[in-house]
Amino acid sequence: MEKKTYYITTPIYYPSDKLHIGHSYTTVAADTMARYKRLRGYDVMFLTGTDEHGQKIQRKAEETGVTPKQYVDHIVSGIKDLWKLLNISYDRFIRTTDEEHEKAIQFIFQTLYDKGDIYKSEYEGWYCTPCESFWTETQLEEGHCPDCKGPVERTREESYFFRLSKYQQALIDIFENDPEFIQPASRANEMLNNFLRPGLEDLCVSRTTFDWGVKVPFDSKHVVYVWIDALSNYITAMGYPNTDGDLARYWPADVQLVGKEIVRFHTIIWPAMLMALDLPLPKQVYGHGWLLFKDGKMSKSKGNVVDPVILCDKYGVDSIRYFLLREVPFGSDGNFSNEALISRINSDLANDLGNLGSRTVAMIEKSFPSGLPQQRQTEEIDDELITMISNLPSQVEASMEKLQFSHALAEIWRVIGRSNKYIDETQPWILARSEEDHGRLAAVLFNLAEVLRVVSILLQPFMPDTSKKLQETLGLDDGSVLTWEASHTYGLYNSHGVRKSKPLFPRIDLKKEIEALDEILSQQAAAKGAVSEQIEAAKDNKGEAEHKNDKKSEAIADQPAPEGVALIEFDDFLKLDLKVGTIRECRKVEKADKLLCSQIDMGNEVRQIVSGIAESYQPDELVGRQVIVVTNLKPRKIRGLESHGMILCATDAGRYRILTVDQPVPSGSEVG
């Protein structure tokens, strides 16, 4: 019988510099799903790779005195080394400089042009080279890129455009009729409210101001821009334009994992391209949240990156894999901190799993060095643990199918915690003292060994090396009891003797390690100095311009206030901290007709705000909407819920109208 297929992809990463822990987050998640599906018997295709063209790469290569290809070859080699270190089991690695990919891109461009979906026109706007992004005037922040805060350039050039607007209604229909297409659901609402319903503009898909890219087949002064070049990798890696073979076998992809900052590209531009090519859409695009570090999203442009190689060398690969998937619910933003990392390693891995493994193996080795006897005396106290371990595989599967990695791990650790408590309750060290209690001791140790057998199977997708070590120390050589199917059957532990080894996860001195890691991260953060200096220079220039108007401002200040208006000083206004937030979740407050409780993404955190606007808006209307938030109000409790800020609204005949921005901007953008 032919196996079911499962195709999962990561975004292809931009090799302008070494990757950071945020990139590893996505790739470890994809690897975990790929390993899980293989264990379940699927024919898996796991794709990752690199997006290697563009102006930024060309400039970096020129700065270092090498060709763009030489530059990316060096970086890509490091990326592959990182994936090897992190135990990433990808099936295929695509580079956009691969000859077959470049040929396929030219075919795609020509096909869309012949169909009339690509046409020539002229583009004018602001361009950020580090982010490879175009911005409108209103999206800029003090004349700078809203993402990296770096300088932008005014660009005007002849370009080819893709008729993205043609597919607007078809995309809206998909979003409204297929709730599984984009997950989490809040991302779909954001795309609908911020992009699709306001109206799509056609998309610039070629550039002439640089030449490091795939040449447009019928106009060699143009190179194909990132949207068509990079996004198409998911089908070119499967052999497109050949529609047989791997493309027929694996496409459409089951899941495409992306960071939330590129959800728009993968759920609007990419599906429109596929529709234009008469190809099916991916079954699901999953836009996960960011790992945040101190004052914002991890970013090579900002310099606030965490080197996964350093972390793996210090704490072990599986510890880092575990932390990435356990600390933050997949889909939400979460904070990376040294203290959180060390605390997870000490509490979950050293204290809980490590302690359970070492105690169980040591007691079996001491009392039953040749293996546990068949004569075992069970008691009622065993039932709860047996029930928990019997139900655990199904619970893990339910979470994994929804990509809820932290939930799956939480269920596993619930059983590990209960097992450690079971040791304290049954006191096997006392049972070992008397020969007549050895039947009971054997039953207790069998239950513990069986927990570890099942846990070792369920942890394989997350922590492959740890699982293998657990199975070796338990003396499990029979592969038939280590399959995923075998995890569903209680009572298969059949070792002829354990093999004591070093502790899986030694405890770490928290204070010392945090000091050492902080020093490393401080050195990395210094790399963003150049961008910061540019921003400060821009602020200084702005300050000089304001200084020239001082006398004019003083004269205006002497004018009387309008009747009924209490004037304030400019410094008073500056006390308000106004920022743009994006509503991720919204619900009605129980027993309060006028109140809504919203979870609002502020860029580097999520705020809970309670607002009296329930008579003007339904909760679903607000998800994905951008609002202006007063962020420095003292928190207060409203109907028992903490509210951290205020959403600004206008009133119209007794109804509230939220204040927003006329173009989407990054969450956390300042208002002033």
Side-chain angles (χ1 to χ4, degrees), residues 125-126 133-147 149 168 171-172 175-176 182 184-201 260-261 263-264 267-268 287 289-290 296-297 333 573-574 576-589 594-633 643-672:
W126 294 100
S133 296
F134 291 102
W135 303 103
T136 64
E137 189 77 41
T138 56
Q139 289 173 324
L140 299 181
E141 292 183 2
E142 297 184 357
H144 289 76
C145 172
D147 273 359
K149 315 303 180 188
Q168 177 175 323
L171 288 166
I172 290 174
F175 275 63
E176 291 181 339
I182 174 172
S186 58
R187 308 273 186 249
N189 292 323
E190 186 178 348
M191 294 302 108
L192 280 167
N193 293 330
N194 291 348
F195 299 103
L196 287 168
R197 290 185 180 128
L200 294 177
E201 295 181 359
K260 67 179 183 180
E261 74 279 9
V263 164
R264 178 170 66 95
T267 61
I268 295 178
W290 291 335
K297 170 182 173 262
D333 288 347
F573 171 74
L574 290 179
L576 287 175
D577 187 14
L578 302 176
K579 290 184 179 177
V580 178
T582 305
I583 298 177
R584 300 298 183 194
E585 298 176 18
C586 186
R587 62 180 175 85
K588 287 188 175 181
V589 176
K594 296 182 179 181
L595 298 180
L596 294 180
C597 180
S598 302
Q599 305 297 321
I600 302 180
D601 180 359
M602 301 305 303
N604 64 344
E605 63 174 329
V606 175
R607 291 279 189 101
Q608 176 171 285
I609 296 180
V610 179
S611 309
I613 56 175
E615 294 178 335
S616 301
Y617 293 97
Q618 291 297 315
D620 290 348
E621 289 181 75
L622 293 176
V623 175
R625 296 282 291 275
Q626 294 202 302
V627 293
I628 310 299
V629 176
V630 184
T631 64
N632 59 338
L633 285 178
S643 184
H644 294 259
M646 177 187 290
I647 297 172
L648 294 185
C649 298
T651 55
D652 174 22
R655 290 180 63 81
Y656 290 103
R657 301 295 181 212
I658 60 172
L659 301 188
T660 187
V661 287
D662 67 345
Q663 294 282 341
V665 297
S667 297
S669 297
E670 292 186 1
V671 177

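Excluded from the calculations below are hydrogen atoms, water molecules and symmetry mates; all remaining heavy atoms, backbone and side chain alike, are included.
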So, for [X] and [Y], which heavy atoms are closest and what is the spacing to 0.1 Å?
| X | Y | result |
| --- | --- | --- |
| I609 | H644 | CG1-O, 3.6 Å |
| Y656 | Y617 | O-CE1, 3.5 Å |
| V580 | V661 | CG2-CG1, 4.0 Å |
| P619 | K588 | CG-CG, 3.9 Å |
| L196 | I172 | CB-CG1, 3.8 Å |
| N193 | E621 | ND2-O, 3.8 Å |

For the atom pair [atom1] ([X]) and [atom2] ([Y]), what is the distance rounded to the nearest 0.5 Å?
| X | Y | atom1 | atom2 | answer |
| --- | --- | --- | --- | --- |
| T660 | I628 | OG1 | CD1 | 6.0 Å |
| Q618 | L596 | CD | CG | 8.0 Å |
| I600 | K579 | CD1 | NZ | 13.5 Å |
| F195 | R264 | CZ | CZ | 5.0 Å |
| N189 | T582 | CG | OG1 | 12.0 Å |
| Q608 | C597 | CD | SG | 3.5 Å |

- request: Take L578 and V630, measure what side-chain contact (heavy atoms from CB on, under 4.5 Å) needs, and give me the verdict at the end.
  value: CA-CA 5 Å; L578 302 176; V630 184; 3.5 Å; yes
query: Charged N to carboxylate O under 4.0 angstrom, R197 versus E176?
result: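 Looking at E176 together with R197, the answer is yes, because their closest N to O distance falls below 4.0 Å.
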Name of the residue among V610, I583, I613 meeting side-chain contact (heavy atoms from CB on, under 4.5 Å) with S598: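 The passing option is I583.
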query: Is the shortest heavy-atom distance from the side chain of V627 to the side chain of L648 under 4.5 Å?
result: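 Not in contact.
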Side chains of R187 and R584 in contact at under 4.5 Å (non-hydrogen atoms):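 Result yes, sub-4.5 Å side-chain heavy-atom pair found.
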task: Report the residue from Q626, R607, K260 that forms a side chain to side chain donor-acceptor pair (under 3.5 Å) with D601.
output: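 With D601 as partner, Q626, R607, K260 yield a single side chain to side chain donor-acceptor pair (under 3.5 Å), made by K260.
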- request: Using atom types as modelled and distance alone, determine if a side-chain donor or acceptor of Q168 lies under 3.5 Å from a backbone N or O of L200.
  value: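 It does hold such a pair.
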- prompt: Within the side chain of D577, is there an N or O that forms a donor-acceptor pair under 3.5 Å with the backbone of T631?
  reply: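 Answer holds: no.
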